[in-house]
Amino acid sequence: MRFFPLILLYILGTMLTAQASVSIDSLMLEDKPISVYVETESGVAIVSTAASYIGIDADKNEAIWSIERGAFMGLGQRASGDANDADVAEDYLDLNGLPFVMIRKQLLDARNGNMLVGAEDAIKNLRSYEYLRDRNLLLLETAHKGSIRLMGLDAETGERKFNVQLRESKTLDGSANQSTQSIRFDDAGNLLYDDGRSLSLIDVKNDKLLWNTEVKVAKLYFQDNNQHVLVAEKPTGLLSIAGMGKVVHLLNYQTGELLWNDGKGLKLGGNLRVFEPYDGGFILGHTDGANIYDWKADPEPRWKKDFDEKGVRRIEIKGKVLNITYKGKMMPVDALTGQARQKKPEKVGGYFMGMSMDEESEAAKPVATMELGGKTLSMLNAYKLTWGEKEIYYGRVAIDPVNNRVITARPITEGSDLKKKNYKYIITVHSADGTSSKLEKMIYGGVRELRVDAKGNFVVASNFAAYHYAATAGQPTEIGSVALRPIINSAEKTAAKLGKLLGDSGDDEERVPANLSSDYGAERQVRAGVLPLAELGKATIPYVPIKGMFFPEKKKGEKRQDPYLMISIYDMLSSEEVYHRKGERNINFVTDYVNQRIYYLLDEKLITLSFE
């Protein structure tokens with residue numbers, strides 16, 4: 001690690017507009033910069049050059065750390081108009097929700113440059129990472145020469161907690177993404193971990209692998225005493241979109257041994273869709289039928305023949321009767337014999353936006369599992385999840401890790417006007433203690449998105465309006481709403497106006513900067529919890545930077561000037577240019593909405609505009 005000599009230039013603060021003042025700092029770099037990023041959790045600006053990455057403390061306007069890049073890595077990085085777009089380098093990764101960055105397969109604390117995982121760890125690939133907020137733990141799944149390993153670090157300090165080899169591997173498969181595999185801590189504090197090709201049990205306290213079993217996990221179902229685990233395999237075939245495949249295994253939790261058919265498992269008639277505990281055993285419903293099995297080494301079903309109907313998607317237990325739903329029909333089935341209880345099935349309700357409005361749908365989707373509020377949350381399919389022992393059905397769902405809550409929105413038939421596309425929604429806030437609170441909301445066009453901001457407040461949005469609710473205990477309180485169409489229309493007009501400055505290429509998409517296409521980036525402040533949604537359009541930084549080729553206007557009798565690269569900042573409300581600088585080579589930029597700064601590169605300098 002080394003530091004570059006810097007020349008500090010300070011320019012006195014100036015007024016850009018009447019709404020805000022800005023101070024401008026300029027930092028000269030020894031090497032030519034390529035891109036500038038903002039590490040979201042620490043607020044540290046990070047500049048990439050062909051030779052290195054440099055961490056910048058914007059408050060002091062000085063470099064606080066530097067790390068060299070590998071040979072030719074900087075040469076292959078493309079420079080573009082926005083460091084959040086095509087300009088992102090292959091050797092740089094900002095870990096979401098953490099003040100850590102991965103550079104050259106080494107993990108640094110962006111706040112101080114401390115090396116948390118260094119070259120001595122010999123990482124060949126970062127396969128995935130997972131931030132377990134409620135345990136303050138970062139999991140790094142890494143590929144090494146001949147092995148796959150799992151490392152656990154303290155998410156606040158970066159202190160290493162464990163580092164175990166999961167399995168041997170001859171390939172370096174995988175890429176740097178947040179994991180969606182099955183992750184679970186048992187009562188003893190051991191970690192059950194799925195790496196995509198095998199399942200492992202890890203004693204994290206003693207840094208020890210207890211067992212590793214080769215199996216491709218889609219979903220795990222646990223016996224009440226955790227003696228056994230039913231493992232649903234992933235579907236086979238490149239074109240499969242099902243969440244689970246046809247093969248299931250019974251696994252001994254203490255040893256990791258696969259018990260059924262010498263480890264080959266049991267092949268069902270169709271892809272698994274439904275698992276329900278029943279009478280000391282469990283019901284398995286698949287796309288072509290259903291049957292009941294026991295937690296035993298012998299996979300013999302209780303019924304001689306499967307319930308044989310295609311499209312099974314829900315099984316409701318009513319004592320000794322199972323109500324099995326398939327293809328818009330429901331048939332009551334005797335739980336002892338598997339025989340139908342009536343000659344003809346009953347018809348069930350209709351659908352809206354891909355889900356049933358009269359009963360819970362079982363549409364298949366890839367499975368995800370996480371820990372939230374000390375309980376396991378599992379996404380079973382597109383419209384159903386389990387959180388501990390609680391089953392939750394939804395049309396849209398958002399996870400609130402700040403307050404350990406799950407927020408759902410479901411359309412209901414009663415009160416909805418389907419012809420006018422005005423739908424009644426039940427919005428429910430589920431808490432970790434098992435309690436919940438609900439509200440009803442009429443939403444034209446249906447809910448397009450449900451999300452939580454950084455403070456735990458949540459937003460319900462359609463294509464026409466959005467509603468912001470406070471993260472308070474008990475009944476959710478609306479703190480603001482906004483009509484989206486006027487904002488989008490205004491943005492499009494402003495974008496077209498500003499796009500002319502970039503040169504008329506004949507292609508609107510090339511002329512109009514992407515960050516002017518809808519809401520000028522103020523939406524990022526809403527997501528960060530800085531700006532209430534009701535204040536959209538009144539952002540604390542009401543400016544938008546753009547970079548492009550500027551064509552000076554030719555006056556009569558004057559020679560036409562050559563075009564040049566430039567950075568311009570416009571007031572997003574008035575569309576007036578309030579700041580302009582020319583550059584020769586590189587003018588990439590990034591906006592830090594949380595700390596109210598705009599960074600951009602002007603030739604060999606990093607320019608920081610801090611708004612007050």
Side-chain angles (χ1 to χ4, degrees), residues 40-41 43 96-97 131 133-134 136 370-375 377 379 385 387-388 390 392-412 415 422-488 518-542 592-596:
T40 52
E41 294 302 312
N96 292 334
Y131 174 27
R133 185 184 295 270
D134 58 340
N136 195 40
M370 64 177 289
E371 292 294 314
L372 182 70
K375 297 186 292 186
L377 186 150
M379 311 296 293
L385 62 85
W387 190 16
K390 188 176 184 180
I392 298 174
Y393 296 89
Y394 59 91
R396 294 287 185 267
V397 64
I399 308 300
D400 175 8
V402 176
N403 300 289
N404 290 322
R405 303 187 309 182
V406 176
I407 300 154
T408 60
R410 288 197 69 223
I412 60 174
N422 200 19
Y423 304 104
K424 188 175 185 179
Y425 275 81
I426 303 296
I427 300 168
T428 308
V429 179
H430 307 267
S431 300
D433 61 5
T435 62
S436 62
S437 57
K438 299 181 180 180
L439 62 92
E440 297 181 357
K441 188 74 177 179
M442 296 296 297
I443 298 180
Y444 177 70
V447 174
R448 170 179 54 84
E449 185 181 12
L450 180 65
R451 65 176 183 271
V452 178
D453 66 25
K455 291 183 177 179
N457 299 322
F458 64 95
V459 174
V460 182
S462 69
N463 286 323
F464 304 93
Y467 309 91
H468 207 170
Y469 292 89
T472 55
Q475 186 74 14
T477 304
E478 187 172 321
I479 58 176
S481 62
V482 62
L484 296 179
R485 279 298 170 189
I487 294 176
I488 292 174
S518 59
D519 54 22
Y520 307 95
E523 174 72 3
R524 298 181 188 176
Q525 290 183 275
V526 175
R527 291 178 183 272
V530 175
L531 179 71
L533 188 142
E535 298 299 310
L536 196 65
K538 304 174 184 177
T540 50
I541 305 182
D592 179 358
Y593 288 95
V594 175
N595 296 294
Q596 303 187 50

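Residues take their numbers from the sequence shown, with the count starting at 1.
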> So which heavy atom on Ala409 is nearest to which on Leu450, and how close?
Replying inline: N-CD2, 3.9 Å
> Under the side-chain contact (heavy atoms from CB on, under 4.5 Å) criterion, do Tyr394 and Leu385 qualify, and how do the steps go?
Replying inline: CA-CA 8 Å; Tyr394 59 91; Leu385 62 85; 3.8 Å; yes
> Between Trp387 and Gly373, is there a donor-acceptor pair closer than 3.5 Å when you use the side chain of the first and the backbone of the second?
Replying inline: no
> Going from CD1 on Ile443 to CZ on Arg396, what distance comes out if it is rounded to the nearest 0.5 angstrom?
Replying inline: 10.5 Å
>> What's the separation between atom CD1 in Ile426 and atom NZ in Lys438, rounded to the nearest 0.5 Å?
In response: 7.0 Å
>> Considering only residues two or more places apart or on different chains, which pairs with a residue in residues 439-460 satisfy ring pair (Phe, Tyr, Trp, His ring centres under 6.0 Å)?
In response: Tyr444-Phe464, Phe458-Tyr469
> Considering residues at least two apart in sequence or located in another chain, which fulfil the side chain to side chain donor-acceptor pair (under 3.5 Å) criterion with Asp134?
Replying inline: none
> What are the two closest non-hydrogen atoms of Ser436 and Thr428, and how far apart are they?
Replying inline: CB-CG2, 3.9 Å
>> The criterion is side-chain contact (heavy atoms from CB on, under 4.5 Å); which residues satisfy it with Ile479, sequence neighbours excluded?
In response: Asn457, His468, Ala470
> Considering residues at least two apart in sequence or located in another chain, which fulfil the salt bridge (Lys or Arg N to Asp or Glu O under 4.0 Å) criterion with Lys441?
Replying inline: Glu478
> Is any side-chain heavy atom of Met370 less than 4.5 Å from a side-chain heavy atom of Pro401?
Replying inline: no
>> I'd like to know if the side chain of Lys424 reaches the main chain of Glu440, judged simply by a donor and an acceptor atom lying under 3.5 Å from each other, with no hydrogens or angles considered.
In response: no
>> As an exercise, state the distance from OH of Tyr467 to CG of Leu439, rounded to the nearest 0.5 Å.
In response: 12.0 Å
> Could you give the distance from OH (Tyr423) to OG (Ser462), rounded to the nearest 0.5 Å?
Replying inline: 11.5 Å
>> Is it the case that over 12 heavy atoms from other parts of the model lie below 6.0 angstrom from the NZ atom of Lys390?
In response: yes
> Does Asp400 have any side-chain contact (heavy atoms from CB on, under 4.5 Å) partners at least two apart in sequence or in another chain, and if so, which?
Replying inline: Val402, Asn403, Arg405, Ile407, Val452
> Excluding sequence neighbours, so at least two apart, what forms side chain to side chain donor-acceptor pair (under 3.5 Å) with Thr408?
Replying inline: His430
